[in-house]
Number of protein chains: 2
Amino acid sequence: MARATSTRSESSRRRQRWPDGYDPENTRKSLITSALELFEQRGFDRTSVQEIAERATLTKGAFYHHFESKDDLLRHIQEEYLEAQLAAIQRIESGSDDPKVRVAELIRFSLTSVAEYRAHVTIFYQERRNLTADLFAEVTRKRGLVESAFAGMIQDGIARGVFRSDVDPRIATFGLVGMCAWAYQWLNLDGPLSVDEVARQFSAMVLEGLYA
Amino acid sequence: MARATSTRSESSRRRQRWPDGYDPENTRKSLITSALELFEQRGFDRTSVQEIAERATLTKGAFYHHFESKDDLLRHIQEEYLEAQLAAIQRIESGSDDPKVRVAELIRFSLTSVAEYRAHVTIFYQERRNLTADLFAEVTRKRGLVESAFAGMIQDGIARGVFRSDVDPRIATFGLVGMCAWAYQWLNLDGPLSVDEVARQFSAMVLEGLYA
DNA sequence: TGGTTCCTTCCGACCGGACGGTAGCATTAC
DNA sequence: GTAATGCTACCGTCCGGTCGGAAGGAACCA
């Protein structure tokens, strides 16, 4: 019974023109931004629709004009992030096919996306439970694609003899994904180390090991 | 203003004797077990006190006899897990002082505790936000001790020349902690690989690297 | 042995407030 | 007129927490 995405503004194909550069789409965006900040800080359940609207200097009425429900907004945020992830994966897969370059790129990309989409990532991992069952399944499926990309690259490296064969590609993948995903808990853009530098160190650790 | 732990049953020093092996402490435990299961599945906010009580075939009244509040129960669960963590850290620190053995032990221990305390771990990471500010600070402090243990061991390894010096110990720590912590999302006790085997592979990857 | 009192454990009815969502209306542009 | 946008007022529900009391053992006294 997967009903199509249909908020009132999404279904409005014939758009009205507004004067003075005003665009209702900005209203929508400001609601999303407001929600991103609040969900990240307080969590989905502890944030009321009222608060989201107020932070965007609007009212609940406006919110429900742009979104079907609170869940609908969450879904939108999750999908926004997943689309960015999948797009990046494809970019990497169309680049170098050297396993070690690919793994390093994947680490770098993962950390970069954590830095760029910090709120999205936090919400993505913490609030998946709040999605409806079928939506959760869909999100998990897409998330699986990202992990498969990791696993495929490692598997490929093993097959070509670049990586050691006594490590299960799935386990290595979980380790890599975990290392990178966890960064949303600590990665500090204002810290002394750049994202690229952190990525370099992660790559060094995983590829060459900690031994001197 | 750190008020001492004081639910009614904890403060009752002179215990009543009950016939037939009945012990009200079991009631308390069954409430905790019930909450662990529900919090893990649905999250703290989506679980009502009513549901917790009902799952233990009790009522809200009984719940509020054993716990001060819903938050009090969450605090109890968090502390239960942290105590176990800190105890294990001390055990490791009193063992071998070889950096590579210690790191391997720490990985093994982290994964084991994820397997053993699965619900606790899930709740710990997902529901920290729901603690009061000062309690959150306390939990974060204790959690910091665990991470310091990791960092100290790596630092020590670098100082002794066992580990490479171009990797920041803090970054390496975050990587290691992330790898292990993330396991709560996928580690499967019924899967083909034992926890020890997963730990071995993680250690191999981090210490020796993926290269063949 | 029976009576009284106290304490622990648990029940069930209830309260106040917050929250998601709805309905109707005003405004503005086409 | 019609459609999009946004506001105000309102509704029903659920939830954390409280309160008074019932059941029954323990402890003391006679």
Side-chain angles (χ1 to χ4, degrees), chain A residues 6-32 34-35 38-39 42-76 127 130-132, chain B residues 6-32 34-35 38-39 42-76 127 130-132:
Chain A
S6 75
T7 51
R8 283 197 249 173
S9 71
E10 273 175 324
S11 64
S12 68
R13 290 280 161 258
R14 257 186 290 134
R15 303 288 303 284
Q16 211 166 0
R17 304 287 307 279
W18 299 91
D20 197 26
Y22 170 82
D23 184 351
E25 188 61 19
N26 290 336
T27 306
R28 192 182 157 81
K29 280 183 188 145
S30 72
L31 283 169
I32 295 175
S34 165
L38 289 170
F39 288 169
R42 282 184 242 168
F44 182 79
D45 287 309
R46 307 282 254 228
T47 303
S48 70
V49 173
Q50 178 92 24
E51 288 170 314
I52 296 171
E54 271 173 15
R55 192 183 182 99
T57 51
L58 288 165
T59 61
K60 261 200 318 186
F63 178 95
Y64 280 98
H65 172 71
H66 287 282
F67 298 96
E68 263 185 355
S69 64
K70 197 182 171 191
D71 286 320
D72 182 39
L73 170 58
L74 180 59
R75 180 183 59 87
H76 180 86
E127 316 294 352
N130 293 320
L131 295 167
T132 56
Chain B
S6 75
T7 51
R8 283 196 248 172
S9 71
E10 274 175 322
S11 64
S12 68
R13 290 278 161 259
R14 256 188 290 133
R15 301 289 302 286
Q16 212 168 359
R17 305 287 307 280
W18 298 92
D20 199 25
Y22 171 81
D23 184 352
E25 187 62 17
N26 289 336
T27 306
R28 192 181 157 81
K29 280 184 188 144
S30 73
L31 282 168
I32 295 175
S34 165
L38 290 170
F39 287 170
R42 280 184 244 167
F44 182 79
D45 286 310
R46 307 283 253 230
T47 303
S48 71
V49 172
Q50 178 91 26
E51 289 170 315
I52 296 171
E54 270 172 14
R55 192 184 182 96
T57 49
L58 288 164
T59 62
K60 265 209 301 194
F63 179 95
Y64 279 97
H65 172 71
H66 287 282
F67 297 97
E68 263 184 353
S69 65
K70 197 183 171 190
D71 286 318
D72 182 40
L73 169 60
L74 180 58
R75 180 182 57 88
H76 180 86
E127 315 294 351
N130 293 320
L131 294 168
T132 57

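Below, chains carry the letters A, B, ... as their sequence lines are ordered, and counting in each starts from 1.
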Is it the case that the side chain of Thr47(B) and the backbone of Gly43(B) share a donor-acceptor pair, with hydrogens and angles ignored and the cut-off at 3.5 Å? yes

Whole-Å gap separating [atom2] ([N]) and [atom1] ([X]):
| X | N | atom1 | atom2 | value |
| --- | --- | --- | --- | --- |
| Phe67(B) | dG17(D) | CZ | P | 13 Å |
| Ile52(A) | dG21(C) | CD1 | C1' | 13 Å |
| Glu68(B) | dG16(D) | CD | C1' | 14 Å |
| Phe63(A) | dT22(C) | CZ | P | 12 Å |
| Leu58(B) | dG12(C) | CG | C1' | 13 Å |
| Arg28(A) | dG6(D) | CZ | C1' | 15 Å |

Selection from dG6(D), dC10(C), dC7(D) that lies nearest to any side-chain heavy atom of His65(B):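 Shortest atom-to-atom distance from the side chain points to dC10(C).
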
Of all the nucleotides listed (dG6(D), dG21(C), dC10(C)), which has the minimum atom distance to the side chain of Tyr64(A)?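 Taking heavy atoms from C-beta onward, the closest nucleotide is dG21(C).
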
Between the protein and nucleotides 10-15 of chain D, which nitrogen or oxygen pairs are less than 3.5 angstrom apart?
none

For a quick test of reading the model, state the closest non-hydrogen atom pair linking [X] to [Y] and the distance between them.
| X | Y | result |
| --- | --- | --- |
| His66(B) | Arg28(B) | O-NH1, 3.0 Å |
| Leu31(A) | Ala62(A) | CD1-O, 4.4 Å |
| Lys70(B) | Tyr64(B) | N-OH, 4.4 Å |

dA4(D), OP1 or OP2 - any side-chain N/O from His66(A) closer than 4.0 Å? no

Would you please confirm or rule out a distance under 4.0 Å between OP1 or OP2 of dC10(C) and any side-chain N or O of Thr27(B)? yes

Could you pull out all residues at least two apart from Ser48(B) that satisfy side chain to side chain donor-acceptor pair (under 3.5 Å)?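 Applying side chain to side chain donor-acceptor pair (under 3.5 Å) to Ser48(B) gives Glu51(B).
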
Min side-chain heavy-atom separation Asn130(B)-Phe39(B) under 4.5 Å: no

